[in-house]
Amino acid sequence: MPELPEVETVRRGLEEVLPGRRASRVEVTGRRTVRRQSPSELVSRLQRRRFRRPDRRGKYLALGLDSGDVLVIHLRMSGQLLYLPEPSAGARLPHTHVVVGLDDGSELRFVDPRTFGEWFVTGDLRPDGLPAEFDRLGPDPLADGLSTALLRERLLGRKVAVKAALTDQRVIAGIGSIYADEICHAARVRPDRRVETLGMAETRALALSSSRILRAAVVHRGSSLKDERYVDLMGTLGSYQTRHRVYDRAGEPCARCGAAIERVRFGARTAYCCLGCQS
DNA sequence: AGCATCACCTGGCTGC
DNA sequence: TGCAGCCAGGTGATGC
């Protein structure tokens, strides 16, 4: 599932190929990908526009256009953004919902089996050029930094489990289920602990672990799970999954204390953690 | 207001 | 082996 490191890896790939390219042809084939505006509106605001440098906040990609609009893309659960230098060479994969032909003959394709992913073009922007609705997002640990004081402030007054807070995009932007579990393990905090019970040292450990783990995962180009759903822009798998300490490792010994990793349920969600060294 | 739960969706897995 | 049914999980809507 694409989280901050996977989306950042895709953004870096886009940065290599997209700036200066013109969208010469835009084809919306899926029914659900473009849903907050009509597909024809998206096509008309995207077609013939030149891309600027791609940006990202949390799990959202923000692709600036020379018209002043921004193309926002969210991969959600199963979205893949693929770049084909020579599109004639490859047949379209099933579940290809959007195709953008670029002016050098290359193509950007959006493949998304579960159709949760979303594209829209907006001109409602903040002074920093990002979509106004990004105001809802909390700080992005990579783009904005995440100090202990800032995390403490973001958690203040909330009465939810630590994992629920870390994955709440209004609190911090970019963390999903996988990295929340890894961050909690690194910080020795149980994901089902209530945030109001956290001490300063634990909040500090969570802030430091968040930045460290997300940065390391970007270096390894994200996590590709067993279903191999996540690939980067060129179709290459990430490798951070080999460094997961707890996620999807129920029954395996904890690398830190040797106790068996457990899969715990809290509310309607699950989390992987080590009860031997996380409290 | 703020927290909890549900709906959305398909592929992969489990269990009979 | 085949197949029904469950589960995953980010976000926005709805319920409490």
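Convention: sequence-line order gives letters A, B, ...; per-chain numbering from 1. Hydrogens, waters and symmetry mates are skipped; everything else that's a heavy atom, side chains included, is used.
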Engineer: List for me each residue that meets side-chain hydrogen bond (donor to acceptor under 3.5 Å, both in side chains) alongside Arg204(A), sequence neighbours excluded, and say none if there are none.
Structural biologist: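 side-chain hydrogen bond (donor to acceptor under 3.5 Å, both in side chains) check on Arg204(A) returns nothing, list empty.
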
Engineer: Would you mind building the protein contact string for nucleotides 3-9 of chain B? One character per nucleotide, 5' to 3', B for base within reach (heavy atoms under 4.0 Å), S for sugar-phosphate only, - for untouched.
Structural biologist: SS---BB

Engineer: Would you tell me if any nitrogen or oxygen in the side chain of Gln169(A) comes within less than 4.0 Å of OP1 or OP2 on dG10(C)?
Structural biologist: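 No, outside the criterion.
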
Engineer: For Arg76(A), check salt bridge (charged side-chain N to carboxylate O under 4.0 Å, His left out) against everything at least two apart and list the hits.
Structural biologist: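 Per chain and number, Arg76(A) pairs via salt bridge (charged side-chain N to carboxylate O under 4.0 Å, His left out) with Glu118(A).
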
Engineer: Identify whether any heavy atom of Glu118(A) sits under 4.0 Å from a base atom; if not, whether one sits that close to sugar-phosphate; answer base, sugar-phosphate or nothing.
Structural biologist: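 Nothing, no nucleic acid heavy atom in range.
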
Engineer: Find the distance Leu225(A):CG to dC13(B):P and express it as a whole number of Å.
Structural biologist: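 Leu225(A) atom CG is separated from dC13(B) atom P by 12 Å.
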
Engineer: Find the distance Gln80(A):CD to dT10(B):P and express it as a whole number of Å.
Structural biologist: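 Going from CD in Gln80(A) over to P in dT10(B) covers 16 Å.
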
Engineer: Residues sharing Val72(A)'s hydrophobic cluster, by side-chain heavy-atom contacts under 4.5 Å among ILVMFWY, directly or via others?
Structural biologist: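 Result for Val72(A) is Tyr60(A), Val70(A), Phe120(A), Leu125(A), Leu130(A), Phe134(A), Leu137(A).
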
Engineer: Is the closest basic N to carboxylate O distance between Arg12(A) and Glu16(A) below 4.0 Å?
Structural biologist: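 So Arg12(A) does not pair with Glu16(A) through a salt bridge.
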
Engineer: Using a cut-off of under 3.5 Å, enumerate the N/O to N/O pairs linking the protein to nucleotides 4-7 of chain C.
Structural biologist:
none

Engineer: Would you call Arg245(A) and Glu182(A) a salt bridge, using N to O less than 4.0 angstrom?
Structural biologist: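 Judged by the 4.0 Å cut-off on N to carboxylate O distance, Arg245(A) and Glu182(A) do not form a salt bridge.
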
Engineer: Can a salt bridge be assigned to the pair Asp140(A) and Arg56(A) using a cut-off of 4.0 Å between side-chain N and carboxylate O?
Structural biologist: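 Looking at Asp140(A) and Arg56(A), the cut-off is met.
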
Engineer: Check the distance between dG2(B)'s C1' and Leu155(A)'s CG and give it to me in whole angstrom.
Structural biologist: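 After rounding, the reported distance stands at 15 Å.
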
Engineer: Can you tell me how far C1' of dT11(C) sits from CG of Leu75(A), to the nearest Å?
Structural biologist: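 Rounded to whole Å, this separation is 14 Å.
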
Engineer: Do Gln169(A) and Arg136(A) have side chains that approach each other closer than 4.5 Å (heavy atoms only, starting at C-beta)?
Structural biologist: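 Answer no - side chains too far apart.
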
Engineer: Within the pair His95(A) and dT10(B), is there a side-chain N or O less than 4.0 Å away from OP1 or OP2?
Structural biologist: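 Checking His95(A) against dT10(B): no side-chain N or O falls below 4.0 Å of OP1 or OP2.
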
Engineer: What pairs meet the ring pair (Phe, Tyr, Trp, His ring centres under 6.0 Å) rule with one or both residues in residues 258-279 of chain A, with sequence neighbours excluded?
Structural biologist: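 Ring pair (Phe, Tyr, Trp, His ring centres under 6.0 Å) check on residues 258-279 of chain A returns Tyr247(A)-Tyr272(A).
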
Engineer: Expressed in angstrom and rounded to an integer, what is the separation of Ile172(A) atom CD1 from dG10(C) atom P?
Structural biologist: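 Nearest whole value for this atom pair: 14 Å.
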
Engineer: Could you tell me whether the side chain of Val17(A) reaches within less than 4.5 Å of the side chain of Ser106(A), counting heavy atoms only?
Structural biologist: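 The answer is no, as the side chains (C-beta and beyond) never meet within the 4.5 Å cut-off.
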
Engineer: Let me know the distance between CD of Glu133(A) and P of dG10(C), rounded to the nearest Å.
Structural biologist: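 Going from CD in Glu133(A) over to P in dG10(C) covers 18 Å.
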
Engineer: Roughly, in whole Å, what's the span from CD1 in Ile73(A) to P in dT11(C)?
Structural biologist: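 Taking atom P of dT11(C) as the reference, CD1 of Ile73(A) is at 15 Å.
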
Engineer: Between atom CD1 in Ile175(A) and atom C1' in dG10(C), what is the gap in whole Å?
Structural biologist: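 Atom-to-atom, Ile175(A) to dG10(C), this comes out as 14 Å.
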
Engineer: Classify Arg136(A) by what it touches in the nucleic acid, base, sugar-phosphate, or nothing, heavy-atom distance under 4.0 Å.
Structural biologist: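 Sugar-phosphate only.
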
Engineer: For Phe266(A), report the nucleic acid contact type (base, sugar-phosphate, nothing); a contact means any heavy atom under 4.0 Å.
Structural biologist: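 Since no nucleic acid heavy atom lies under 4.0 Å of Phe266(A), the category is nothing.
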
